[in-house]
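Here's the structure we're looking at; comments come further down.
In each ligand, atom 1 is the first atom listed, and ligand 1 is the first ligand listed.
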Amino acid sequence: MKYAVELGKPFGIRVSVHWTFLLIIAWVVFIDLQQGLNLSQIAYSVLFVLSIFVCVVLHELSHSLMARRYGINTRGITLLPIGGVADLERMPDDPRQELAVSLAGPLMNVAIALLLWIFLSVAGAMKLEPGNFQEITHSNFLMILMFANIMLAVFNLVPAFPLDGGRVFRSLLALKMSRDDATYVAMNIGKVFAFFIAIWGIYANPFLIFIAIFIYIGAQREYEMVKYTSVLSGYTVNDVLMHEYTPLHPDDPIKRAVDILLDGPEQRFIVVEDDRVKGILTRNDIIQGLMQYDQETEVRRIMNTQVTTFPADTSLEKAYEQMRNQQITMAPVMKNEQLAGLIDLDNINEFLMVRRAMRR
Ligand SMILES: [Zn+2]
């Protein structure tokens, strides 16, 4: 993720924090100052926020390590002001495995709460008088942290897909119905929860509104992904390969790309030199290029040199997901180190529509 700073690599999983996380610390300090707290009181509340985020990292790590048991890697864990995100390569298709991966996070918070409870009980430091919750001090720090972990577990288990509880709900439904239908039901329930969480946020805490938006968009996005990938499973990129295209050479003038663009259906180009893909050029790059340079400028100056390529036997599901996630509209496909053709997002979308229509 952009603008994130890496903190470390526990179990080989990169943990980073997004810069907006600093806003939360600033916000806590601001509220404390407004309430007239002194420096040591402010230090305790900042330390508390940091401790919560350590618990959030442990929660996400727990998801990641459970997923690893099923052979699924995690690209990284990022801390955002609204919580942590473990970027798993995918969720397991088997509902039982998804259930285990989804429960692993909240169970980690339950485990932390349980350990703190045992420790506090043994130390005789469990003081549940109401007056003991108003302000965080060295004497109630661990007790409040224990309750915060219980709240983290409870909140994550709300069945608002794609929160953990929603995933648990989806996997239970998927034991009885298709993954498509289960996700559809979970998405709609997730959206209803998002609506109520947003309203609650208006009265209680603006952060809840962000969480509601995150749930709403996430639910829709995941449903679309499942709807599509169920159609795509069993195909490889070789099945949607396009052979009809006009390769450009890095020394070609922008004018040549413009001519082809205006002359036919091609909107995106690959730039090839000595049988090697040097870059790609989208319609947008061409327009931007023309605003900066003249028509005789070589395309090498305006092409994208960061090219994602796929081997021809890549599953279509995987390629599609990666293209959507990384917002790649076109990618060269390689067969035995040789350029075999192109795949294009619009073209895959057409393939999807046709397949879905044929299914009905
Ligand atoms: Zn979780």
Open item on the list: Count I, L, V, M, F, W, Y as connected when their side-chain heavy atoms are under 4.5 Å apart, and connections chain through other members. Are Val271 and Val307 then in the same cluster?
Closed with: no
- [ ] Quick one: which residue pairs count as a side chain to side chain donor-acceptor pair (under 3.5 Å) with a foot in residues 287-301, not counting sequence neighbours?
- [x]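 Sorted result for residues 287-301: Asp251-Arg300.
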- [ ] Just grab all the side chain to side chain donor-acceptor pair (under 3.5 Å) pairs involving residues 159-169, residues at least two apart or on different chains.
- [x]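 Every pair satisfying side chain to side chain donor-acceptor pair (under 3.5 Å) with a residue in residues 159-169: His59-Asp164, His63-Asp164, Arg167-Glu222.
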Task: Pair Thr246-Glu266, side-chain donor/acceptor within less than 3.5 Å - done: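 Side-chain D/A pair, Thr246 to Glu266: present.
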Task: Set of salt bridge (charged side-chain N to carboxylate O under 4.0 Å, His left out) partners for Arg75, sequence neighbours left out - done: Asp87
- [ ] Check the Zn ion (ligand 1) and write out every protein N, O or S atom at under 2.8 Å, as residue and atom.
- [x]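 Protein N, O or S atoms closer than 2.8 Å to the Zn ion (ligand 1): His59 NE2, His63 NE2, Asp164 OD1, Asp164 OD2.
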Open item on the list: Please tell me whether Phe193 and Phe161 form a close aromatic pair, meaning their ring centres lie under 6.0 Å apart.
Closed with: no
